[in-house]
Amino acid sequence: MKKILLPLLMLIVSFGMKAQDGPEGILFASKEDTNRLTNAYINPAMKGLIYGMNNGWYHTAKVHKKFGFDLTIGFNGSMVPSKDEMFSLANLTSINQPTGDITSATVAGSENNGSQATVTFQESGITYTGTFDMPGGIKEDLPLNAVPAPAIQASMGLPFKSDIILRYVPKVGSDDVKGGLFGIGLKKEITDWFGPMDKTPLHVSLLATYSTMGVDYNIVDEDPNDDIEIENGKVDFNLNSYTVQAIASLNFPVINIYGGIGYTGGTSSLDMTGRYTLSYNASLNQRTLTNPLNLDSNVSGFKTTLGTRLSLGFFKIFADYTLQEYNAINAGIAFSFR
């Protein structure tokens with residue numbers, strides 16, 4: 001079970017390690033710019049995780065018989081569009097841009113596309129001047145250049161032609177980074193609403209799901225001689241996602257074709273806590289921040305999925321592709337006992 005969350009934990013840790021000994025490097029900008037920079041940098045990962053968490057909930061519209069069940073293990077990946085691999089540092093109040101517009105990588109961009117920013121701003125009557133490195137991305141570390149999301153679930157047949165679907169990963173990780181996941185879904189078959197259609201291989205269902213994920217990451221001050229001193233540094237990521245879909249499948253003895261259309265969305269939050277003492281002007285001035293970041297964002301939109309499944313008795317192999325803001329791929333295996 002711990003390995004299911006490993007790609008996500010690697011993503012969060014990579015975010016932390018790419019900045020000046022951590023995401024805290026962005027704190028050298030003014031407070032307003034720090035919020036904007038952090039949002040722009042991490043937002044593609046949060047979007048990708050939300051879209052990925054909403055993917056892979058089904059590989060057939062047909063529900064189990066009462067107390068029938070299956071176990072599904074798969075890979076979900078949301079592909080970040082190229083336009084979201086870079087962002088502009090323009091129109092920031094504290095960033096000096098002597099050569100015009102400066103761009104830098106988001107977390108989904110290349111590790112070689114970070115940039116150095118010079119800051120000058122006033123706060124409480126003091127002028128702060130310094131430089132910091134914008135982090136590069138982790139594109140080279142992402143499988144298929146897609147943001148991975150956990151994909152293990154079990155479903156069981158209930159009365160009234162419905163299935164309950166559960167995803168659960170307990171909070172696992174190391175002393176420095178831990179994450180956990182819970183998701184629940186309900187699939188209700190409505191094929192008999194359409195008269196004689198229930199005598200054909202075509203099955204139609206309604207699907208509604210909800211997921212929540214939390215990851216906390218401890219920021220360690222690995223270099224006491226740099227320009228930032230950290231006490232009790234920590235970053236908490238929380239994501240909530242949902243999807244409502246109408247799904248259908250053609251269930252033949254060996255090959256099944258399935259798909260769906262619906263609405264997907266979710267919210268994410270990032271909280272950075274602790275005490276951070278920043279040195280400016282060749283260490284002539286210091287600026288202390290406590291619990292400096294509290295950011296929220298949301299995404300939503302329509303999605304369409306098409307996939308196929310190979311049935312070998314109780315063993316299934318499936319793959320599908322989803323069209324949405326961040327297109328997604330999903331593939332895996334299932335053990336189904338109807």
Side-chain angles (χ1 to χ4, degrees), residues 1-16 42-59 69-80 107-108 138 141-143 146-156 163-187 207-218 234-245 264-271 295-300 303 318 320 322 324 326 328-335:
M1 292 286 282
K2 292 183 179 181
K3 292 182 180 179
I4 299 300
L5 265 184
L6 183 59
L8 172 61
L9 300 185
M10 291 175 61
L11 178 69
I12 301 302
V13 172
S14 296
F15 161 65
I42 196 65
N43 196 46
M46 299 297 99
K47 277 188 177 183
L49 287 170
I50 289 172
Y51 285 128
M53 288 165 61
N54 285 338
N55 205 33
W57 282 92
Y58 67 94
H59 41 81
F69 67 94
D70 69 48
L71 175 67
T72 300
I73 302 171
F75 169 84
N76 287 320
S78 298
M79 292 171 283
V80 180
V107 68
I138 59 170
D141 299 325
L142 295 176
V147 178
I152 182 169
Q153 66 188 41
S155 65
M156 184 176 69
D163 281 355
I164 187 170
I165 311 166
L166 292 175
R167 292 178 173 180
Y168 176 68
V169 179
K171 203 162 191 178
V172 296
S174 66
D175 291 338
D176 291 330
V177 58
K178 288 184 172 68
L181 167 75
F182 173 77
I184 186 168
L186 182 65
K187 182 167 66 175
L207 174 72
T209 73
Y210 172 79
S211 301
T212 182
M213 178 188 293
V215 176
D216 53 75
Y217 160 60
N218 293 326
K234 186 178 180 182
V235 174
D236 291 320
F237 295 89
N238 289 287
L239 300 100
N240 299 286
S241 65
Y242 63 87
T243 184
V244 179
Q245 299 180 65
T264 185
T267 62
S268 64
S269 66
L270 181 155
D271 294 305
L295 304 176
D296 299 294
S297 62
N298 61 83
V299 298
S300 61
K303 64 182 299 182
F318 61 89
D320 59 61
T322 297
Q324 55 190 2
Y326 282 17
I329 55 175
N330 174 54
I333 60 174
F335 303 90

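Numbers for residues simply follow the sequence, beginning at 1.
- Put simply, the side chain of Asp163 does not reach to within 4.5 Å of the side chain of Met156, judged on heavy atoms.
- For Ser268, the side chain to side chain donor-acceptor pair (under 3.5 Å) criterion is met by Ser297, not counting sequence neighbours.
- The minimum heavy-atom distance between Lys187 and Ile165, with the atom names listed, is CB-CD1, 4.5 Å.
- Residues that satisfy the ring pair (Phe, Tyr, Trp, His ring centres under 6.0 Å) test with Phe75, not counting sequence neighbours, are absent from this structure.
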Stepwise side chain to side chain contact (heavy atoms under 4.5 Å, CB included) check, Phe318 with Thr72: CA-CA 10 Å; Phe318 61 89; Thr72 300; 3.5 Å; yes

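- No side-chain donor from either of Asn298 and Thr267 sits under 3.5 Å from a side-chain acceptor of the other.
- For Phe335, the ring pair (Phe, Tyr, Trp, His ring centres under 6.0 Å) criterion is met by Phe315, not counting sequence neighbours.
- In this structure, CD1 in Ile50 is found 7.0 Å from OG in Ser241, a value given to the nearest 0.5 Å.
- Here the closest non-hydrogen pair linking Met46 and Leu239 is O-CD2, 3.7 Å.
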Tell me, with the steps shown, if Leu270 and Val235 meet side chain to side chain contact (heavy atoms under 4.5 Å, CB included). CA-CA 7 Å; Leu270 181 155; Val235 174; 4.1 Å; yes

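- Nearest heavy atom pair, residue Thr264 against residue Gln324, reads CG2-OE1, 3.9 Å.
- Nearest approach of Trp57 to Ser211, heavy atoms of both residues: CZ2-OG, 3.2 Å.
- Interatomic distance, CG of Asn218 versus NZ of Lys234, reported as 6.0 Å (0.5 Å rounding).
- Considering CG of Asn54 and CG of Asn76, their distance stands at 10.0 Å, rounded to 0.5 Å.
- Here the CG-CD1 distance, from Asp320 to Ile329, works out to 9.5 Å after rounding to the nearest 0.5 Å.
- Rounding to the nearest 0.5 Å places CD1 of Ile152 at 4.5 Å from CD1 of Ile73.
- By the 4.5 Å heavy-atom criterion applied to side chains, Met53 and Leu181 are counted as neighbours.
- Across all their heavy atoms, Val147 and Ala45 have their closest contact at CG1-O, 4.0 Å.
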Determine, stepwise, if the pair Thr209 / Tyr242 fulfils side chain to side chain contact (heavy atoms under 4.5 Å, CB included). CA-CA 5 Å; Thr209 73; Tyr242 63 87; 5.7 Å; no

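- With sequence neighbours excluded, the residues satisfying side chain to side chain donor-acceptor pair (under 3.5 Å) with Ser155 are Asp70.
- Atoms OG1 and NZ, on Thr243 and Lys303 in that order, are 4.5 Å from each other to the nearest 0.5 Å.
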Which is it for Gln245 and Tyr58 under the side chain to side chain contact (heavy atoms under 4.5 Å, CB included) test, yes or no, and what are the steps along the way? CA-CA 11 Å; Gln245 299 180 65; Tyr58 67 94; 3.7 Å; yes

Take Tyr210 and Asn240 through the side-chain hydrogen bond (donor to acceptor under 3.5 Å, both in side chains) test and state the conclusion after the steps. CA-CA 7 Å; Tyr210 172 79; Asn240 299 286; 2.8 Å; yes

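- Scanning for side chain to side chain donor-acceptor pair (under 3.5 Å) contacts around Tyr51 gives Glu325, with sequence neighbours left out.
- Annotation for Val299 and Lys47: closest pair CG1-CG, 3.2 Å, computed over non-hydrogen atoms.
- Under the side chain to side chain donor-acceptor pair (under 3.5 Å) criterion, Thr322 pairs with Asn55, Thr305, not counting sequence neighbours.
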